[in-house]
Amino acid sequence: MEKVNFRTQVLTGHLQNHRHATTAATIYPSPCVSYVPPEISEQPFSFDVSTMRKLMDGHNLGDRDWLFNLMVQSKLFNPRLRGGKVFVVPDYNHSMEQQREITMKRIEYLLDHGAFEGWLTGKGPEAEMKKFALLEVIEIFDHSLAIKIGVHFFLWGGAIQFFGTKRHHDKWLRATENYLIKGCFAMTELGHGSNVRGIETTATYEANTGEFVINTPCESAQKYWIGGAANHATHTVVFSQLNVDGNNQGVHAFITQIRDENGNICPNIRIADCGHKIGLNGVDNGRIWFDNVRIPRENLLNSVADVSTDGKYLSAIKDPDQRFAAFLAPLTSGRVTIAVSAVYSAKISLAIAIRYSLTRRAFSITANGPELLLLDYPSHQRRLLPLLAKTYAMSFASNYLKLLYIKRSPQLIKTIHVVSSAFKATLTWHNMRTLQECREACGGQGLKTENRIGQMKGEYDVQSTFEGDNNVLMQQVSKALLAEYVAAKKRNKPFKELGLEHMNRSCPVIPAQLASSTLRSTQFQNDIFCLRERDLLNRFAAEVSQYQAHGESKESAFVVSYQVAEDLGKAFSDQAILQSAIEAENNVKDASLKNILALLRSMYVLVTLEEDAAFLRYGYLSTDNAAAVRKEVAKLCSEIRPQALALVSSFGIPDAFLSPIAFDWVAANSWSTVQN
Amino acid sequence: MASSFGETDQVLVEEKSSTRIFTLNRPKQLNAASFTMVSRLLELFLACEEDPSVKLIILKGKGRAFCAGGDVAAVVRDITQGHWKLGANFFRREFILNYVMATFSKPQVSILNGIVMGGGAGVSIHGRFRVATENSLFAMPETALGLFPDVGASYFLSRLPGFFGEYVGLIGARLDGAEMLACGLATHFVLSEKLSLLEDALCKADSSDPAVISATISEFSLAPSLKEKSACHRLNIINKCFSRRTIEEIILALEREAADKEDEWISSTIQSLKKASPTSLKISLRSIREGRLQGVGKCLVREYRMVCNVMQGETSKDFFEGCRAILVDKDKNPKWEPSKLEQVTEDMVDRYFSKINDKDWEDLNLPRRLNIPPHAIAKL
């Protein structure tokens, strides 16, 4: 009965309020549900969020803020006033053509304001870190914009930088930086994606003319998904099988012009649109056919191999496998930026969903009592806070990956390849999962594109596929680990790469009874992750060699051992992420920061233990211990809960780049905003 | 501090039906905001918020100024005779007043009939309505004083169109009433001869509804035309140059423009930048850039940290030198230290944004403001 009275009161409130609305221009939200900013309702922060932001963003904070400023101050970035605040987010209700056009206009604006200065002509780690930072900021605004820029600078520009030599650098780098030309990157074909070595486009050298002839021999050889090709690109790097003197020398890269300065498609080039996609419609993906296109000999990007005028194939790297690996090395930068941007995407969605859960209430659990904040439900905490902890750990992991890439050297190529593959797959999968959970956690509001999260699912889905399919990449990780294992065992030498050094020590022992303090200790957390990796690597090696003993080839042994391979890939990735989180924590001096980072690290490990069936499957955890882990996760949820707002505030994402439901969603939806 | 008049005389109070009219009353000092005046205003505003019979606040100044700024000379005197923390007390109170105004639940109409500088902008621009007149003269002159645009200026300047806020804040540009209206610092322009009628009409309107108040002011307002040489005609060049990442790049961009064509406006803009304190310029730019991405509360907390670092004087003593040269000795020839932009490193700039290393010092503790109405959050 009391409940009925309460409902009546609320309804009366609604009606009375409505009556007032006819006389006054503004509805004052009481006595209905009112919005209280979480900054007011939550406890004061227990740590300094700007210090935490510095730790998370890591570098070039002033440059980041400058670029945020540039975007916020321009009408091109679609500023909208909602609930008393300005938000910038692309209008996804635009048609594909409109999205492509505005994306190009945004690039021109950024170019005019010097945002790309030094992106290709700058030298040294500082220039590179600045470029990364600015790209991350661009991604926070819109994935299409970042990808369109990324293709031009990192793929086309990167190919010139890394595959090309001085003649290419002099001719193309500055022109690219100033957008005098627009580049794209034609690698993937309809018939071949991750398996680049199987592509079918050909480049045949003609000694009498000194030209290469680029040809698309069949439909499956058409270049596909080429970002920038459908509308804007004037030049492309085309990957083709090089034929010299009747011999196939494998995949090489060539510069080919595809449009003239007026945007007309060049002779012997055919281009078609890939059409409307589930996201990323601001990027004009196209398909390209080459009909015996002639290009000068100098257009071969010849850092790894060259063809002399008289038609001799010259390469310092004799082994075709190694030659191919040298070719693909620049693709690592793509995987680095993808891994990093996946973390920022997860940060955006968590900041929105957690801020909303600190202001939105649902159901009261006492008669006549106020309704409960979403984030005060332990179940809601369990949905969002472990993802928050993982995002923190992965944020440190992505910083580590960036630094690893920056200090790249021939000795580090293997490590960079393995770590970037593992992180690209793991972090992008984590992002997709986080987006889905956050979308659901925002209920119906999550469905509105202005609230970003739902739309981002479509925008970011591609990350699990481009620059290497996630599953393929994870298989490569396991293969690389096995190769390391075999090499160490064969030569009877200790492990000293890929973080496998722990294999040299004795096997860690997990206590039979796991107390809370043990579960939260770095020692235990390290031990159980190492134990899993070690055991899975042993198992994988045993399984593969068993198949080989039965006469299977190495390749087919890999193919059938996919289950252990998958578990091993995850084990490696989780372990590497944990190491970077521990390192970040160790480098922090401030006690309040250290405390919260320790909580998050424990949450990251324990929720991994809870979720990955491998720990029970292979017996690293007893069922009793698994129960203890589960209990601890719930406890950690309640301990992280009071810090949730500070933790998402530390992400450094300006309010304008979040969404209306992250702030005053009552005002943003008020009748007065409908009238205006 | 104690005078034969009551301290409360620095703010005159009139009650007209549901309207409260507060008049800043230190005409000889151009209504410079003293600690007493700021404290009194804070008290009055908080009381009005509690009092359901009050619907509207009108704030104006006596004499030819609305308010020429915080009483910086007094602050410097306190600091040199005592300790910088005495100065901190003033700024803390002033910033809290700015915050209360920015989040005030009832409309505030400020009549800007005269000089509006520094702290004067702080007690008016955060309010809902700002009425400029033909006598208005606005400026944030802090960079010439070795300070930086405070009182929440990193919030409101950064929300001006394009990069006009950087221009106004770094140069200390002087704007007249028409320019204030054009860039959004003022919401209305009314000729001074109509002000008393406007006041009566507002009292008679007897309303808290922003739409009603806006309509009432509009009845008296007109659209003034910008003077020919106005900076508002220079938005393109301002956006192009003042959007640059650093002060050095801003100057470089301006010099490049100047090289293209002889232009008095550009050269005087460059001159203003070269005369200002290099440290002030750098911390001001960063403050505006951070402010553009933050709410008004965060802006004030940051500015309080900055102002405490300025007063503590560990990185640079330009504030004291600026006050000496402009306010005390009036030789208008400050000797800045560091004297060159390139001597002001990132590290030095960073220090102004960090907490004071002193166990008794605390960040600005903003009062809790319940149910901030949406229109109170962002007015520009």
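Order of the sequence lines sets the chain letters (A, B, ...), proteins ahead of strands, with each chain counted from 1. Note that the coordinates shown come from a computational prediction; the quantities given were computed from them, not determined experimentally.
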Portion of [X] that has a non-hydrogen atom of chain A nearer than 4.5 angstrom:
| X | answer |
| --- | --- |
| B/Ser158 | backbone |
| B/Arg245 | both |
| B/Asn239 | backbone |

To the nearest 0.5 angstrom, please state how far the [atom1] atom of [X] sits from the [atom2] atom of [Y].
| X | Y | atom1 | atom2 | answer |
| --- | --- | --- | --- | --- |
| A/Glu39 | B/Leu366 | CD | CG | 11.0 Å |
| A/Gln73 | B/Phe242 | CD | CZ | 14.5 Å |
| B/Arg286 | A/Leu61 | CZ | CG | 8.0 Å |
| A/Ile40 | B/Thr103 | CD1 | OG1 | 8.0 Å |
| B/Glu290 | A/Ser50 | CD | OG | 8.0 Å |
| B/Glu249 | A/Glu117 | CD | CD | 7.0 Å |

Of A/Asp655, A/Ile653, A/Asn69, which meets side-chain contact (heavy atoms from CB on, under 4.5 Å) against B/Leu293? A/Asn69
Look at atom [atom1] of [X] and say whether more than 12 heavy atoms of other residues, nucleotides or ligands are closer to it than 6.0 Å.
| X | atom1 | result |
| --- | --- | --- |
| A/Glu126 | CD | no |
| A/Lys594 | NZ | yes |
| B/Asn236 | CG | no |
| B/Lys240 | NZ | no |
| A/Arg174 | CZ | no |
| B/Asn357 | CG | no |

Between A/Asp590 and B/Lys355, does any NZ, NE, NH1 or NH2 come within less than 4.0 Å of an OD or OE carboxylate oxygen?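 No, no charged N to carboxylate O under 4.0 Å.
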Search all heavy atoms of A/Asp112 against all heavy atoms of B/Arg244 and return the closest pair with its distance.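 Answer, listing the atom of A/Asp112 first, then B/Arg244: O-NH2, 3.8 Å.
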All heavy atoms of B/Arg368 vs all of A/Glu42, minimum pair found to be NH2-O, 3.3 Å
Under a 4.5 Å heavy-atom cutoff, which of A/Leu70, A/Asp65, A/Asp63 has the most pairs with chain B? A/Asp63
